[in-house]
Number of protein chains: 2
Amino acid sequence: MSHMGYGCLMAVDRDHVLRSAAALLTRKSTATMDEVAKGAGISRATLHRHFAGRDALVRALEALGIAECESALEAARLDDGPASDAVRRLIAATESAAGLLAFLYTENQLFEGEEQHEGWTRIDDRISALFRRGQLSGEFRIDLTPAWLTEALFGLLASGVWMVQSGKGAPKDFPRMVVDLLLGGALRHPAPPHDPAPRDPAARDSAAQDPAAQDSA
Amino acid sequence: MSHMGYGCLMAVDRDHVLRSAAALLTRKSTATMDEVAKGAGISRATLHRHFAGRDALVRALEALGIAECESALEAARLDDGPASDAVRRLIAATESAAGLLAFLYTENQLFEGEEQHEGWTRIDDRISALFRRGQLSGEFRIDLTPAWLTEALFGLLASGVWMVQSGKGAPKDFPRMVVDLLLGGALRHPAPPHDPAPRDPAARDSAAQDPAAQDSA
DNA sequence: CCCATATGAGACATCTTCGTCTCACAATGG
DNA sequence: CCATTGTGAGACGAAGATGTCTCATATGGG
């Protein structure tokens, strides 16, 4: 135990194990410690030398997820330019960590009594602030709370991940799917440059967005 | 503890046990068979007399979820009127089963190899058909696949359930939150970023949601 | 009154996973 | 060459959940 320079090597290994565990647990959240070890190409004993137990592993994964999320927040420069563009940048920056986030998102659902990690509230606050900024600037609708928009962002991220994993969607469409639905929704109210016949204002109810909708059945 | 709180009728029917298990597992997806039994007010032995094992219980819950989902599909009359209204009816009709659906939605994620229940594909097909109908009628945008819209519908349902359960949102806002985000998205105005402002400013108000909403605190 | 049925309580063995431990092997450096 | 270190393999017991069983009880019908 004299001059071991094992610090660096351990860190690299540990990170690799962490990434591997994240990838595996994203696909199978009930994977065994043995499966995690095999997945990382190490033995269960070595896995235990890195992480005291399953709990410690999950916490490390949570810390990793928080770190990646915050680095995505930095990269997205949430305070620059239009809020909608910031949301686009945020989702794009989150893409590589989306699988891990999806795992942690569902994992958090079964923390019944425990309070959630303080890092998540910080992240939630920053994203909520972004949506609030967009509301104040008039970009975002004000009848949906920033908290709900934030929750929906994570929910749609998770849905997108699962959809890609199940093969029902292409990975390349992932960011666009999430962004387009979160920002624009399903309705086709994106402005068509040509407005054939402006209806009377009473049509603002449901399908009022686009008068081009008519007979279909 | 005092015995049965059900008066003279000790025959606890299977359906009551299922509902109770659904409610409990929605909150704590890792609940023990013993906890499920206690939650239903019966003993573990009786629980086992109704459902051979945990697996059978989960399958019964899945069947219940599918049944409730399909009855919601019926009640929503997906083929009547504008597709967006059908989506609204569908989400409203799904509300009472949303907790169970959220549980099953995440539960399905860890069925790694197994193929999913045939009932889910039927449901997915019907909802996808609804979105496709909306696309053909011009109500819905065509750059998001019906499959993704369907997935997002379930994802937002689950997110809404969790949000309410965590106390970050009011139950009464649940259907509106899901519907408004799924259909309309976060943007207040359809104008895409590359669309400066060619339209009459008054059009903003007509397309915007009721500005008198929000606060409600 | 007596019996059949359903239930609750609990014992019991089994299974899986987990955490810890030991031991042998390979690699690396002095 | 030898020592230190990290690793893999595997054994071992602990803990929890599960499935099965028995037994006592109560309820209701004949």
Side-chain angles (χ1 to χ4, degrees), chain A residues 1-22 24-62 103 106-107 109-114, chain B residues 1-22 24-62 103 106-107 109-114:
Chain A
M1 251 204 254
S2 41
H3 64 72
M4 70 302 257
Y6 73 117
C8 176
L9 185 65
M10 290 273 289
V12 168
D13 267 17
R14 181 190 150 103
D15 192 72
H16 164 254
V17 173
L18 217 44
R19 306 275 172 185
S20 169
L24 174 58
L25 289 175
T26 294
R27 296 194 307 271
K28 190 185 181 198
S29 59
T30 61
T32 270
M33 289 295 276
D34 200 81
E35 293 174 291
V36 172
K38 303 288 182 189
I42 62 177
S43 71
R44 195 163 66 96
T46 303
L47 177 61
H48 258 278
R49 284 175 193 121
H50 285 307
F51 305 98
R54 188 191 183 76
D55 212 57
L57 174 63
V58 173
R59 298 205 180 228
L61 282 173
E62 188 176 38
F103 161 69
T106 60
E107 194 77 2
Q109 303 312 325
L110 50 83
F111 285 170
E112 204 186 10
E114 307 175 45
Chain B
M1 73 174 256
S2 53
H3 315 305
M4 62 321 265
Y6 306 114
C8 54
L9 189 61
M10 291 182 61
V12 181
D13 56 330
R14 175 191 156 107
D15 190 71
H16 165 254
V17 175
L18 261 185
R19 306 274 171 185
S20 170
L24 175 57
L25 288 175
T26 293
R27 294 194 309 271
K28 189 183 186 212
S29 60
T30 61
T32 270
M33 290 295 278
D34 200 82
E35 294 175 290
V36 172
K38 302 288 184 189
I42 62 177
S43 71
R44 197 162 66 95
T46 304
L47 178 60
H48 259 279
R49 283 174 195 122
H50 283 307
F51 306 97
R54 189 191 182 75
D55 212 57
L57 174 62
V58 172
R59 299 204 181 230
L61 281 173
E62 188 177 36
F103 161 68
T106 61
E107 196 77 1
Q109 302 312 324
L110 49 85
F111 286 169
E112 204 188 8
E114 308 173 44

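Any value given below was found using the heavy atoms of this structure, including those in side chains, with hydrogens, waters and symmetry copies removed. Each chain gets a letter, A, B and so on, in the order the sequences are listed, and its residues count up from 1.
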List, one per line, each side-chain donor-acceptor pair under 3.5 Å for residues 52-62 of chain A, sequence neighbours excluded.
{"unit_1": "A:R54", "atom_1": "NH1", "unit_2": "A:A31", "atom_2": "O", "d": "2.8"}
{"unit_1": "A:R54", "atom_1": "NH2", "unit_2": "A:S29", "atom_2": "O", "d": "3.4"}
{"unit_1": "A:R54", "atom_1": "NH2", "unit_2": "A:A31", "atom_2": "O", "d": "3.1"}
{"unit_1": "A:D55", "atom_1": "OD2", "unit_2": "A:R59", "atom_2": "NE", "d": "3.2"}
{"unit_1": "A:E62", "atom_1": "OE2", "unit_2": "A:W120", "atom_2": "NE1", "d": "2.9"}

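At whole-Å resolution of the value, CG in A:L57 and C1' in C:dC18 are 13 Å apart.
Taking each heavy atom of B:T30 and B:E35 in turn, the nearest pair found is O-OE1, 4.4 Å. The minimum heavy-atom distance linking B:G39 with B:S20 is given by the pair O-OG, 3.1 Å.
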**Complete:** Protein heavy-atom contacts under 4.0 Å, written 5' to 3' over nucleotides 8-20 of chain D as B (base), S (sugar-phosphate only) or - (none), form the string BB-B-----SBBB
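Partners of A:T46 under the side-chain contact (heavy atoms from CB on, under 4.5 Å) rule, at least two apart in sequence or in another chain, are A:I42, A:S43, A:R49, A:H50.
A donor-acceptor pair under 3.5 Å is absent between the side-chain atoms of B:T26 and the main chain of B:F103, judged by distance alone.
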